[in-house]
There are 2 protein chains.
Amino acid sequence: MASLGNCIFMMDEGVDRLTEALPELPADKAKLSRLMLMVGSRMQEELEHTLKPYRLNHSEFLTLMILYSSPDGSSTPGELCDYTSQGATNMTRIGNALVGRGLVVRAASEQDRRRVRMGITPSGRRFVQKMLPTLFPRLSAMFDGFGENDRRQLGRLLRKLADNLDRLDEEIDR
Amino acid sequence: MASLGNCIFMMDEGVDRLTEALPELPADKAKLSRLMLMVGSRMQEELEHTLKPYRLNHSEFLTLMILYSSPDGSSTPGELCDYTSQGATNMTRIGNALVGRGLVVRAASEQDRRRVRMGITPSGRRFVQKMLPTLFPRLSAMFDGFGENDRRQLGRLLRKLADNLDRLDEEIDR
DNA sequence: CCTTTTTAATTCACCAGTGAAATATGAGCC
DNA sequence: GGCTCATATTTCACTGGTGAATTAAAAAGG
């Protein structure tokens, strides 16, 4: 029963039962929203599962990848918070974890002494080069059977959803 | 910068830079996977934000809704774990929270004394009837501009993704 | 200049969720 | 009937994350 397929089936049934008593419920939107939440969190579990052998969690991995792919291999906690959508508090913890493993170094900024620069180390680069390719097989399997067109559609729809969510955020809440 | 649109833009750039150095990276799949994670977690934040005034979090809300929409208004912790994809430990906490607010009652099962029945109370039903409709406006806004066809496509693609994730789970891990 | 305001990072106290162990009951099997 | 194994729930210790307060430094504005 832990299968996503079963959960989705149960969800469909539940929303249908709900709509009988509550016709003004926007049933198909409710189902899409539940679907997004279910599939999204399952993908996150999948990612964390494959990261576990490397003793990284999602946010630590993301932070490390951003440093790896940034032009000069460094950034500041504040910037990383923006890029990763993490709070400053958690970025401090992430920094501690990555620095503790020698994948990243912290250094006080000279221009602005409030700032801290976090830079990926050579050891951190080697670590990424080694572990990243091992994620590819599962990543590919995730989109098995998605043709060129399916991928384009999914990308389009998710970006559209993102636009709507941004608009919701701007509005004075409720 | 906290906007999803900006985060997605940065992500696209990052993956593109990555692909230059690492041509074997499945770039479009990586982007889709990041997109799903970003949009999914933002939708979760959006939901939790609108639930906050009712002092419910996502998993408590989901549990309460399942009880509300179940034919006899009751279930057991074990079943609820399956339906909500929550661990048993957390379901105990959820039960404590909902029982503590009088929305749900716990009772020992007579047939199987290991089991516990959790049932929604009349007060719990009234609570749901009052709060649920207030979620509809934001839910609808989330899918503004999604026509009949977009909704069908998104549903299809998410269910397909779910199938692949289930297949990944079954396989002997890596 | 020097005070006020803003910004950056960290610390602290807390909330939500997990895995492993404990507890208790039921089921299967000589 | 009594022993072993399986199942349901709870407890406990821990991880990952958040908001509010703290510290420190820069910027703004007389």
Side-chain angles (χ1 to χ4, degrees), chain A residues 1-2 37-38 40-42 44-49 51-64 74-101 104-119, chain B residues 1-2 37 40-42 44-49 51-52 54-64 74-101 104-119:
Chain A
M1 165 62 78
L37 293 171
M38 294 165 103
S41 67
R42 190 59 136 259
Q44 172 134 353
E45 281 167 33
E46 157 64 25
L47 175 59
E48 303 238 316
H49 174 80
L51 288 177
K52 188 160 266 176
Y54 303 101
R55 297 186 299 133
L56 288 177
N57 66 25
H58 182 183
S59 64
E60 291 158 1
F61 169 68
L62 189 51
T63 303
L64 190 62
S74 85
S75 186
T76 66
E79 284 173 0
L80 291 168
C81 285
D82 284 344
Y83 304 158
T84 60
S85 310
Q86 294 294 313
T89 305
N90 199 31
M91 193 50 67
T92 298
R93 184 197 61 76
I94 293 168
N96 291 341
L98 297 179
V99 169
R101 291 178 61 182
V104 161
V105 284
R106 265 196 271 238
S109 162
E110 288 129 27
Q111 307 94 298
D112 183 342
R113 299 201 304 174
R114 288 169 304 181
R115 281 193 157 82
V116 170
R117 289 221 67 89
M118 294 176 47
Chain B
M1 164 59 77
L37 292 172
S41 68
R42 190 59 136 260
Q44 173 134 355
E45 281 166 34
E46 156 64 26
L47 175 59
E48 303 237 319
H49 174 80
L51 288 177
K52 188 161 264 176
Y54 303 101
R55 296 186 300 134
L56 287 177
N57 66 23
H58 182 183
S59 63
E60 291 158 0
F61 169 69
L62 189 51
T63 303
L64 189 61
S74 86
S75 186
T76 66
E79 285 173 0
L80 291 167
C81 285
D82 284 345
Y83 305 159
T84 60
S85 308
Q86 295 293 314
T89 305
N90 199 33
M91 193 50 67
T92 297
R93 184 198 60 77
I94 292 168
N96 291 340
L98 297 179
V99 168
R101 291 177 61 182
V104 162
V105 283
R106 267 198 269 239
S109 163
E110 288 128 28
Q111 306 94 301
D112 183 342
R113 297 201 306 175
R114 288 170 303 183
R115 281 191 157 83
V116 170
R117 287 221 69 87
M118 294 176 47

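Residue numbering restarts at 1 for every chain, and letters A, B, ... go by the order of the sequence lines.
- Under the 4.5 Å side-chain criterion, counting only non-hydrogen atoms from C-beta, B/M118 is not in contact with B/V99.
- Among the protein residues, A/N57 comes within range of the sugar-phosphate backbone only, with heavy atoms under 4.0 Å from sugar or phosphate atoms but none that close to a base.
- Two residues, A/K52 and A/P77, neighbour DNA chain C, and the one matched to the more 5' nucleotide by heavy-atom proximity is A/P77.
- The shortest distance between side-chain heavy atoms of B/L56 and B/L98 falls below 4.5 Å.
- With DNA chain D read from its 5' end, the first of the two nearest nucleotides for B/T92 and A/A88 is the one closest to B/T92.
- As a whole-Å value, the separation of A/M118 CE from C/dT10 C1' is 13 Å.
- Judged as a side-chain hydrogen bond (donor to acceptor under 3.5 Å, both in side chains), and not counting sequence neighbours, the contacts of A/R114 are A/D112.
- In this structure B/S74 satisfies the side-chain hydrogen bond (donor to acceptor under 3.5 Å, both in side chains) test together with B/D72, B/R117, sequence neighbours excluded.
- In this model, the phosphate group of C/dC12 is not approached by any side-chain N or O of A/T89 to a distance below 4.0 Å at OP1 or OP2.
- Scanning for side chain to side chain contact (heavy atoms under 4.5 Å, CB included) contacts around A/V105 gives A/T121, with sequence neighbours left out.
- With a heavy-atom cut-off of 4.0 Å to chain A, the contacted part of DNA chain D has its first and last nucleotide at D/dG16 to D/dA26.
- The CD-P distance, from A/Q86 to C/dA9, rounds to 15 Å in whole Å.
- For the pair B/L51 CG and C/dC15 C1', the computed distance is 16 Å after rounding to whole Å.
- Legend: residues meeting side-chain hydrogen bond (donor to acceptor under 3.5 Å, both in side chains) with B/E110, ordered by chain and number and at least two apart, are absent.
- The CD-C1' distance, from B/E60 to C/dG17, rounds to 12 Å in whole Å.
- In terms of phosphate contacts, A/R117 brings no side-chain nitrogen or oxygen within less than 4.0 Å of OP1 or OP2 of C/dA9.
- Every residue two or more places apart in sequence or in another chain that forms a side chain to side chain contact (heavy atoms under 4.5 Å, CB included) with B/E45 is listed here: B/R42.
- We find that NE2 of A/H49 is positioned 15 Å from C1' of C/dG19, with the value rounded to whole Å.
- If you take CZ of A/R106 and P of C/dA8, they are 17 Å apart, rounded to a whole angstrom.
- Listed by chain and residue number, A/E60, A/N90 satisfy the side-chain hydrogen bond (donor to acceptor under 3.5 Å, both in side chains) test with A/R93 (two or more places apart in sequence, or in another chain).
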With 3.5 Å as the limit, what N/O pairs link the protein to nucleotides 22-28 of chain C?
residue: C/dG26; atom: OP1; partner: B/R113; partner atom: N; Å: 3.2
residue: C/dG26; atom: O4'; partner: B/R114; partner atom: NE; Å: 3.4

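- Judged as a side chain to side chain contact (heavy atoms under 4.5 Å, CB included), and not counting sequence neighbours, B/R113 has no contacts.
- Rounded to whole Å, the distance from CG on B/L62 to P on C/dA16 is 15 Å.
- The distance from atom CZ of A/R93 to atom C1' of C/dT11 is 15 Å, rounded to the nearest whole Å.
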